[in-house]
Amino acid sequence: WLKCLCVFCCFWVFAFAPSVMEHEATAAKRPHEATEEVAVLVGAATPLRRRLGACACDAPRLVGDLVCRRRTVVCADVCTLADAADLLILHGRSSAAVVGRDGALAGILTENDIARAYLMGVAPTFRVSVWLGRDSARLPMNALSACTVGPSSTLIEAALLMWAQAPSDASFRHIIVRDEVGDLVGILSSLDLARALCSASPPEEQVQRLARSTAAVVMKPRASLPMLSSSATWQDVLAQMSSMRQNCALVSDGGLGVTSLLGVITPRDALRAFVERTPLNVQVGLWLRGLRSDWEPRAIECDESVQECATKMLDRAVHHMVVVSPSGVVGVVSSTDLVQALGSTVLLVDNRPRTVGDLVCRRATVMCIDTSTLADAVDLILLHDRSAAAIIGCDGTLMGALTENDIVQAYLTGASPNCAIGDWLRNDAARLPKSLLGTCAVMPSCTLLEVATMLRDHALGGASSRHLIVRDEAGGLISVLSALDLARALCSACPLEEQVRRLGKSMVADIMKPQGVLPICSGSATMSHVLKQMGTSHQNCVLVANNGLGVSALLGVVTPRDALRAFVEHVPLSVRIGDWLHGLQSNWEPRSVEMDEPVQKCAAKMVQDAVHHLVVVSPNGIAGVLSSTDLVQALGSAELVQEECSVDENLVE
């Protein structure tokens, strides 16, 4: 072994020592400035070094303030992928700038490039320049402009840029910083941005707002992540991560209890396996056990604040944290999730949405794999307070959408909570299977009023239709919008749209569903009878009352959200609805409005309490119910009236 060591040392001296010694000698001559060096050269023909002055403040506010503190790995394009991977691991970075022989920037190599090369069976000796010339490269030279900022940009602006790009590619978590002449200044990762924004003192207003949220709000839910058994191979894991556009995969021995989870695979793990030349057919469970890795130090509770989550992420220098609850693993929070949440918060503070694209960036979309169960989907919908979930296949394609009304129908027909979502979507009772998605799809460029009109037309055909699928030009899923999302956006617009102003002057009585068209059941009716009434009347609520509809006689209002809870709790369909409502200790009075209240005030109350239905009362008792769908239908009608008036004016002219 001594002979082998001597041979290796000789090889290292002749092959790598010159450039590394040059870097170390430079740092030795200027020890007080060594931390400011931002270029780590390995094998570059022309040295690329950039010196930045001292930062203007202790807490960076500009991109230029931050890059002077973060080391940027630079490698020559003649290096191999293995050389680049070694550098990333050595310096704890997730990307490297690639330069040509003339020192000009040739592209960026990221952890995800290495993971993709590993999956494709590319040899570690493959040259970086050749890889950047392939279609598989993430950030070749011609793609850098979309993720480039200048040193004078604020950190908030950089976060917004990263947030805007992230939905199109889950691996995008780097910002390129270049000066006015196009020279490289540095590379920022999502972890760099999260570190700087969360350590700023005093923190930005947007960061303060985000810090009050919990990990459960910003995390990727468990059902939207690749989940594999310990017997899965590296090939299986990387293929799942690529097809689902996620940067992590959960590996367990069965189930997702805290004790059964073996670990979380990230691109950093793929980096190590690639450098170690681990065969793709190796079982990932064996590989994790060989590392003796422990994921528990990177675990957080779902009710911990985002600030605590960011602090732990920064302390451990990791991009992913596992979110747990008493029932087991519920999701993962990544540094990209933090930046995306921050971007949404910034937009919420600074402006108001006018198009669908402006709106979808702010509302989380629940996603489930089609092999998950109906109970899993219900848990996610309740956890994230949504009314629908997008369903994707194992290859990442959109298979349909599961709504609250699907669960109502499943509950009523006796479907098991363990029924696979894919099986349900193939059922004739499914509301939004893949074959019907085209009828409710909209583009991000559509205005909110156009979408309100479309949702109005859909709702007229059935009260349960209150969702639209937002897809890009290629047909990829962007988000799922509900009537409440639209009501929230339209009523918060500033300045208000003309149609919203016109509607805001109306009274609740003008747009509510009157009591006479709503299904009414007594407290002795069974859950089965209530849900059947809801379905046959094509309404999304049922009034439950004893002895008339005076205010004191009303026991409550049953909606699809109530059916969700009952379904997941395995409540028998034969249970009396009055007993069930009494057991919940529910109180409908806080969600009541007077029939002569203005619509604008009513909409604000609905948005504030995050409810789809409000009970309208009058001196004579219960007058009706106002739903978010009613609001959107009224807005859509106002839009049509506005268009008709414009047409009439043109005809007169």
Side-chain angles (χ1 to χ4, degrees), residues 170 213-232 236-238 240-241 244-270 283-289 291-306 308-313 315-316 318-338 340-341 364-386 389-392 394 417-418 420-421 568:
S213 302
T214 62
V217 174
V218 302
M219 72 177 186
K220 292 185 182 74
R222 181 187 69 194
S224 67
L225 296 170
M227 296 177 288
L228 299 102
S229 68
S230 58
S231 61
D236 299 329
V237 173
L238 295 177
Q240 285 271 9
M241 289 171 62
M244 296 181 66
R245 297 192 304 175
Q246 298 290 353
N247 266 339
C248 64
L250 301 173
V251 180
S252 73
D253 272 331
L256 276 173
V258 173
T259 57
S260 61
L261 185 68
L262 287 181
V264 182
I265 296 293
T266 68
R268 178 49 54 107
D269 298 303
Q283 291 185 356
V284 73
L286 296 177
W287 188 82
L288 284 172
R289 290 188 179 96
L291 289 181
R292 297 181 180 178
S293 62
D294 185 10
W295 64 269
E296 292 185 3
R298 57 161 62 178
I300 56 170
E301 297 290 336
C302 62
D303 57 355
E304 287 191 50
S305 70
V306 169
E308 292 172 323
C309 174
T311 300
K312 289 183 178 181
M313 194 178 290
D315 290 342
R316 293 161 175 76
V318 294
H319 282 275
H320 298 83
M321 300 290 291
V322 180
V323 185
V324 299
S325 72
S327 60
V329 177
V330 295
V332 170
V333 172
S334 69
S335 56
T336 309
D337 296 326
L338 293 180
Q340 288 191 55
T365 297
V366 175
M367 290 192 295
C368 293
I369 305 175
D370 59 354
T371 55
S372 300
T373 65
L374 293 177
D376 291 333
V378 171
D379 286 338
L380 280 173
I381 290 172
L382 291 174
L383 176 65
H384 294 280
D385 197 22
R386 305 298 291 156
I391 310 303
I392 57 175
C394 293
N418 296 321
I421 299 174
V568 80

Nearest-0.5 Å distance that lies between atom NE2 in His320 and atom CG in Leu225: 9.0 Å
Sequence neighbours excluded - salt bridge (Lys or Arg N to Asp or Glu O under 4.0 Å) pairs with any residue from residues 367-377: Arg222-Asp376
Reported CG-to-CZ distance for the pair Leu262 and Arg289, which is rounded to 0.5 angstrom: 5.0 Å
For the student: nearest non-hydrogen atoms of Val568 and Ala375, plus distance: CG2-O, 4.3 Å
Gap between atom CD1 of Ile265 and atom CG of Asn247 - 0.5 Å precision: 13.0 Å
Cys248 to Val264 - nearest heavy-atom pair and separation: CB-CG1, 3.8 Å
Side chain to side chain contact (heavy atoms under 4.5 Å, CB included) assessment of Val330 paired with Met219: CA-CA 9 Å; Val330 295; Met219 72 177 186; 4.0 Å; yes
Between CE on residue Met321 and SG on residue Cys309, distance to nearest 0.5 Å: 6.0 Å
Spatial distance of atom CE (Met313) from atom NE2 (His319) [nearest 0.5 Å]: 9.0 Å
Ala377: side-chain contact (heavy atoms from CB on, under 4.5 Å) partners, not counting sequence neighbours: Cys368, Leu402, Ile421
For Arg268, all residues meeting salt bridge (charged side-chain N to carboxylate O under 4.0 Å, His left out), sequence neighbours excluded: Glu111
Minimum heavy-atom distance between Ser230 and Val251, given as atom pair plus value: CA-CG1, 3.9 Å
Pairing residues for Asp379 by the salt bridge (charged side-chain N to carboxylate O under 4.0 Å, His left out) criterion, not counting sequence neighbours: none
Minimum-distance pair of heavy atoms, taken over all atoms of Leu250 and Val332: CD2-CG2, 3.9 Å
Side chains of Val333 and Lys220 in contact at under 4.5 Å (non-hydrogen atoms): no
Minimal non-hydrogen separation, Pro417 against Thr373, with atom names: O-CB, 3.4 Å
Partner residues of Ser229 under the side-chain hydrogen bond (donor to acceptor under 3.5 Å, both in side chains) criterion, sequence neighbours left out: Ser231
With Pro226 via side-chain contact (heavy atoms from CB on, under 4.5 Å) - residues at least two apart: Leu228, Gln240, Met241, Met244, Gln246, Ala249
